[in-house]
Chemist: 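Starting off with a structure, shown below.
Letters A, B, ... are given to chains in the order of the sequence lines, protein chains preceding strands, and every chain is numbered from 1. Every value quoted in this text rests on a predicted model; they were computed, and no experiment measured them.
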Number of protein chains: 2
Amino acid sequence: MSPVHRTEQRTAPGDRALDPLSFTLDRTSPVPLYYQFAQQLEAAIERGTLAPGNLLGNEVDLSARLGLSRPTVRQAIQSLVDKGLLVRRRGVGTQVVHSKVRRPLELSSLYDDLESAGQEPTTRVLRNERIPAPAEVAAALGIAEGAEVTVLERLRCTHGRPVAFLCNYLSASLLELPTQRLESTSLYRMMRSAGIVLHSARQSIGARSATAGEATLLEEKEGAALLTMVRTAYDVTGRPVEYGSHVYRASLYAFEFQLLVRP
Amino acid sequence: MSPVHRTEQRTAPGDRALDPLSFTLDRTSPVPLYYQFAQQLEAAIERGTLAPGNLLGNEVDLSARLGLSRPTVRQAIQSLVDKGLLVRRRGVGTQVVHSKVRRPLELSSLYDDLESAGQEPTTRVLRNERIPAPAEVAAALGIAEGAEVTVLERLRCTHGRPVAFLCNYLSASLLELPTQRLESTSLYRMMRSAGIVLHSARQSIGARSATAGEATLLEEKEGAALLTMVRTAYDVTGRPVEYGSHVYRASLYAFEFQLLVRP
DNA sequence: TAGTGGTCTAGACCACCGC
DNA sequence: CGGTGGTCTAGACCACTAT
């Protein structure tokens, strides 16, 4: 278990751990072959059948064994390299990465984050109306000042305790936002259901002291440290579709994520 | 300038904006062809020669015009899709994304961030010694408790004002860290120079109120909101190489970044 | 239906690594 | 030196989109 070992045991037993692995490819399936292979490879890594540090075996043999062409095998491997699960080195081979690289940063929904953490999130909609866009919002959404926008104010709780106060703006024409559905799912899920495909988002994460109003709402003391996030999300055409300003109780929430170093 | 337009003007003049563009490929260069093409494509987008919304023209024609095979052209295009500059849609084509997608989140160095923002960062090294690893540090770095580590405490300033207090731990055997060099460059640059190739990092960003000591050091009032970041960085073999705990003045600093939505 | 990107093949040569 | 990944080619067929 020494963490100092490097790349010994090139030919040690169990090195070509890929042999005992059985990969089943279904050529009649609509799922691309490279994707089928990538998923099975990822599953093998996930459950430890392919241990960290193990070499994958060279791509030529691999493709022969799988009955695939080398480019197809490479496409599968590359997708796992992009996820940070594998590392390729010329003249050496492809290895499983040691660390528990799991989630890279993604455009996350607080609701989804809490739900997947088993936190049973609930939402109280404090405000849901259509108003003329204030200047700041109009600028962020790239619309005319005074154009109709939907403003949402929500209080997100887990186990009955408030975690965050969320304020969001969307062009009113984009989407219907019934209060009832907002209380049982996430805004991003509703946008997705409405066919809005998100492409990117610009975020800024900061901190500040709670105002009296925020303190009351979030059950903190006035002046308590709060985490803040301001975000503009864009769809595939590059059009801004959502602008949000959120505050989180720093005592209950932090942003956690994994980064990959760009090569 | 209406931000509401979608994908009109399929056949409008100036649509095949790629025609007037001149791409020069050097087959004798060691730089891969797909990379040469990708760079010139990115430059054309950057300077607006390829305007947002423009279609690229189909890949078959494109490869013929460039004298490249289609997979090579696709590799170039794919790299820009991954960067968020282009969007591909089946049956439609490849378009330049509207928004000013620029920097995705990367494993950033505060020093480099400030420097590239023209903030003239300076560093005061408050502590630079070798100590037995405390339990928390040993756990993060995957070494034995009590093993020798280098501990760094630095104050980062811009324009003479303190911005952040940085505390970092590294295995002592990894790297020499002369105080003088630490005051004129970033820790990550020094690690890179020493041949340490970073692969990924796990970060947690939160907030809390300043202690009396932090307040004095950062020239804030006691209880002021501070941004906090805790980070463990890993090299290509998955070994933890650095553990850091940083606090930033929320009044002077925020984390800004662009995210791409995973497809 | 015509045009687009998505997938896949079966080769080839080169650059880098470790021995 | 042999083995590895990195790059590149010239085709092919399919799935999806728009008209």
Chemist: Mind checking if A:P30 touches a base, just sugar-phosphate, or nothing, with heavy atoms under 4.0 Å?
Modeler: nothing
Chemist: Given C:dT9, D:dA18, C:dT7, identify the nucleotide with an atom nearest to the side chain of A:R27.
Modeler: C:dT9
Chemist: Looking only at the side chain of B:P32 (C-beta and beyond, no hydrogens), which of the listed nucleotides C:dA10, D:dG5, D:dT7 gets closest?
Modeler: D:dT7
Chemist: Go through the side-chain N and O atoms of B:N168 and B:E242 and say whether any donor and acceptor fall under 3.5 Å apart.
Modeler: yes
Chemist: Side chain of B:R90 only, please: which of D:dG5, D:dA15, C:dG18 is the nearest?
Modeler: D:dA15
Chemist: Using a 4.5 Å cut-off on heavy atoms from C-beta on, say whether the side chain of A:L86 contacts that of A:L56.
Modeler: yes
Chemist: I want to check one thing: is the phosphate of C:dG5, taken as OP1 and OP2, less than 4.0 Å away from some side-chain N or O of B:R74?
Modeler: no
Chemist: State, with a plain yes or no, whether a side-chain heavy atom of B:S200 is found less than 4.5 Å away from one of A:L259.
Modeler: no
Chemist: Without decimals, in angstroms, what is the distance between B:L55 CG and C:dG3 P?
Modeler: 15 Å
Chemist: In whole angstrom, give the distance that lies between atom CG of A:L56 and atom P of D:dG3.
Modeler: 18 Å
Chemist: May I ask you to check whether over 12 heavy atoms, not counting those of A:R192, lie within 6.0 Å of atom CZ?
Modeler: no
Chemist: Strictly below 4.0 Å: does B:R89 bring a side-chain N or O up to OP1 or OP2 of D:dC16?
Modeler: no
Chemist: Of the candidate nucleotides D:dT9, C:dT7, C:dA12, which contains the atom at the shortest distance from the side chain of A:R70?
Modeler: C:dA12
Chemist: Between A:N58 and B:Q75, who's closer to the 5' end of DNA chain D by nearest nucleotide?
Modeler: A:N58
Chemist: Of the candidate nucleotides D:dT9, C:dC8, C:dG6, which contains the atom at the shortest distance from the side chain of B:E59?
Modeler: C:dG6
Chemist: Using whole Å, what does the distance between atom P of nucleotide D:dT4 and atom CG of A:D61 come to?
Modeler: 7 Å
Chemist: What is the separation between atom CD on B:Q95 and atom P on C:dG5, rounded to the nearest whole Å?
Modeler: 11 Å
Chemist: So B:F37 and B:F23, would you call those rings parallel, tilted or perpendicular, with 30° and 60° as cut-offs?
Modeler: perpendicular
Chemist: Separation of A:L86 atom CG from D:dG6 atom P, in whole Å?
Modeler: 12 Å
Chemist: Roughly how many Å is it from CZ in B:R88 to P in D:dA15, rounded to a whole number?
Modeler: 19 Å
Chemist: Strictly below 4.0 Å: does A:T94 bring a side-chain N or O up to OP1 or OP2 of D:dG5?
Modeler: yes
Chemist: Roughly how many Å is it from CG in A:L33 to P in D:dA15, rounded to a whole number?
Modeler: 13 Å
Chemist: According to a strict under-4.0 Å criterion, is A:Y34 in side-chain N/O contact with OP1 or OP2 of C:dT7?
Modeler: yes
Chemist: Can you tell me the distance, in whole Å, between the CG atom of A:L25 and the C1' atom of C:dT9?
Modeler: 15 Å
